[in-house]
Every structure is written in structure tokens, then in C-alpha cells.
Amino acid sequence: MHTIYLVRHGQTEWNNSGFYQGYTNVPLNQVGIVQADAVAKELASIEFDSIIASDLDRAHITAEKILGNRQIPFKTDERLREINFGDWEGFTYDQIEAKWPHSIYTMYRSPDKVKISNGESFQDLQERAWQAVTDEMKAVGEDKTILVVAHGGTNRTLICKMLNLPLHFAWNFSQGNTAISRVEFYGLTEDDHNTLSLLNYTKHLESIQL
């Protein structure tokens with residue numbers, strides 16, 4: 001069994017302004033840095049065996065904050081990036097709806113059916129992200145605790161994979177900035193009983209000064 005912690009990165013200006021950022025390497029803003037420090041403090045007592053993170057700065061920096069002084073394997077992996085929003089990158093919800101009518105509606109209602117113009121499908125995202133997690137589980141061995149620091153879409157697809165849920169349900173899982181989720185993962189056979197024991201935990205943000 002592996003214990004998989006999933007953390008979303010801290011806030012960016014594009015998060016705050018409603019722009020779709022995907023592969024765009026938008027850094028943490030000041031709020032995001034404070035959030036990253038807060039989640040690092042929240043997770044300070046957890047004994048992780050390894051940490052893997054998206055190579056995009058917003059996730060990479062959040063992961064480095066959590067790593068702190070731990071002497072454990074740490075690496076970034078581009079396969080953990082957010083979904084590639086293609087032609088939607090840098091546009092707001094309303095701008096995308098104006099240029100590609102009903103496409104945003106389809107993405108949120110049926111993420112398993114949408115493929116973004118010059119971007120990815122959620123299936124593409126899930127396959128690459130899950131391979132990164134699978135590779136890490138093999139590298140660290142059995143009965144280990146792994147932290148994955150990535151993005152809202154990435155984490156949602158990983159939760160669906162580990163719970164054997166169709167991607168249609170990806171948006172049913174909230175994933176706030178620096179939210180913590182945890183899955184006890186045994187495998188993907190019919191006999192395995194994987195458990196989502198923590199979802200979208202953000203209590204560490206309640207007392208911070210923004």
C-alpha cells in the first residue's frame with residue numbers, strides 16, 4: 001500500500017484574475033507564497049518518503065517549501081503539469097465562451113468528452129500524470145508515503161484514477177490553492193479498495209494574514 005498525498009500549488013495572479021494558465025509558467029503571487037508557507041507548516045510533521053512536483057514554478061516552489069530541510073528524494077516531472085489549455089491559455093472564461101461557444105460548459109459538465117483546441121484532453125492529462133506517479137511508486141518501493149505537488153486538473157484526474165472513477169466526475173472534487181488530499185492506494189484490480197481519506201483540506205489557510 002502507498003499513501004499518496006496530493007497538494008495543489010499556491011495562488012498565482014492568473015488564478016486571481018480568472019485566466020486559464022495550463023502550461024503557461026505563471027509564478028506564485030504574494031498570496032500564493034504565504035499559502036505555500038502555510039501548507040508547508042501544516043505538513044511539517046508528515047514523514048514523506050519522496051516528493052514529486054510539476055516542473056512549473058507555481059508547483060515547484062510550493063513543493064520546495066514543503067520539502068524544507070527534509071533529506072528525501074525530490075524531483076520535478078513535466079508529466080505532472082496542468083492540462084495544456086492550448087488556444088485557451090491566457091483567456092478568461094468569458095473570452096473563451098465568446099470565441100468557442102459552449103466549450104467551457106462542455107469541459108465542466110463532461111470533461112471526459114472535451115479536447116481543447118491545440119491542447120489536451122483530460123484523458124491525455126490523466127495518462128501522463130498517472131505514469132509519473134506509477135514510476136515514483138515503483139522507485140520508492142512498497143508501503144511508502146509520497147507527496148505529489150501539482151495542479152487542480154492534474155490532481156482531480158489522479159483522484160479519479162485511484163478511485164477507479166470515470167473522468168466525467170473530475171470536477172466533482174474541489175481543489176483549492178494549497179489544498180491537501182490523501183489516498184490510501186492498494187492497486188487498480190477489482191479486489192483493491194483504495195480510500196480517499198482527505199479531500200481539499202485547507203484549514204491551514206484560515207489563520208494566515210493575507
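Note: hydrogens, waters and symmetry copies are ignored here, and every other heavy atom, side chains too, is used. Everything quoted here is computed from the prediction, not taken from an experiment.
With sequence neighbours left out, the salt bridge (charged side-chain N to carboxylate O under 4.0 Å, His left out) criterion links Lys65 to Asp37. Residues meeting the salt bridge (charged side-chain N to carboxylate O under 4.0 Å, His left out) test with Asp124, sequence neighbours left out: Lys115. When the side chain to side chain donor-acceptor pair (under 3.5 Å) test is applied to Thr157, no partner is found at least two apart in sequence or on another chain. Every residue two or more places apart in sequence or in another chain that forms a side chain to side chain donor-acceptor pair (under 3.5 Å) with Asp135 is listed here: Arg79, Gln131. Residues meeting the salt bridge (charged side-chain N to carboxylate O under 4.0 Å, His left out) test with Glu206, sequence neighbours left out: Lys203. Thr189 pairs by the side chain to side chain donor-acceptor pair (under 3.5 Å) definition with Asp192, not counting sequence neighbours. Residues meeting the salt bridge (charged side-chain N to carboxylate O under 4.0 Å, His left out) test with Glu136, sequence neighbours left out: Lys75.
Contact check for Leu163 versus Phe185: no side-chain heavy atoms found under the 4.5 Å cut-off. Counting only heavy atoms from C-beta outward, the side chains of Ser54 and Glu82 never approach each other to under 4.5 Å. Taking 4.5 Å as the limit, some side-chain heavy atom of Asn177 sits within range of a side-chain heavy atom of His9. Within the 4.5 Å cutoff, no side-chain heavy atoms of Arg182 are placed close to those of Ile4.
Across all their heavy atoms, Arg70 and Ala44 have their closest contact at NH2-O, 3.4 Å. Nearest heavy atoms, Gly187 versus Asn194: O-ND2, 2.7 Å. Counting all heavy atoms, side chain and backbone alike, Ala38 lies closest to Leu205 at CB-CD2, 4.4 Å.
A side-chain donor-acceptor contact under 3.5 Å links Thr178 and His204. Checked by atom type, the side-chain pair Glu184/Thr195 shows no donor-acceptor distance below 3.5 Å. No side-chain donor-acceptor contact under 3.5 Å links Gln175 and Asn200.
The list of salt bridge (charged side-chain N to carboxylate O under 4.0 Å, His left out) pairs with a residue in residues 151-180, not counting sequence neighbours, is empty. Each salt bridge (charged side-chain N to carboxylate O under 4.0 Å, His left out) pair with one or both residues in residues 42-60, not counting sequence neighbours, appears once here: Asp55-Arg81.
Grouping Ile, Leu, Val, Met, Phe, Trp and Tyr by side-chain contacts under 4.5 Å, direct or through others, puts Met1 with Tyr186. In the hydrophobic clustering, where aliphatic and aromatic side chains (Ile, Leu, Val, Met, Phe, Trp, Tyr) are joined below 4.5 Å either directly or transitively, Ile83 groups with Tyr20, Phe85, Trp88, Phe91, Tyr93, Ile96, Trp100, Ile104, Met107, Tyr108, Val114, Ile116, Phe122, Leu125, Leu167, Trp171. Cluster partners of Tyr5, using a side-chain heavy-atom cutoff of under 4.5 Å among ILVMFWY residues and allowing indirect links, are Val7, Val39, Leu43, Ile46, Phe48, Ile51, Ile66, Leu67, Ile72, Phe74, Leu147, Val149, Ile180, Leu198, Tyr201.
Taking the charged nitrogens against the carboxylate oxygens, Glu142 and Lys144 have no contact shorter than 4.0 Å, which rules out a salt bridge.
Under the 3.5 Å distance criterion, the side-chain polar atoms of Ser110 are left unmatched by any main-chain donor or acceptor of Lys113.
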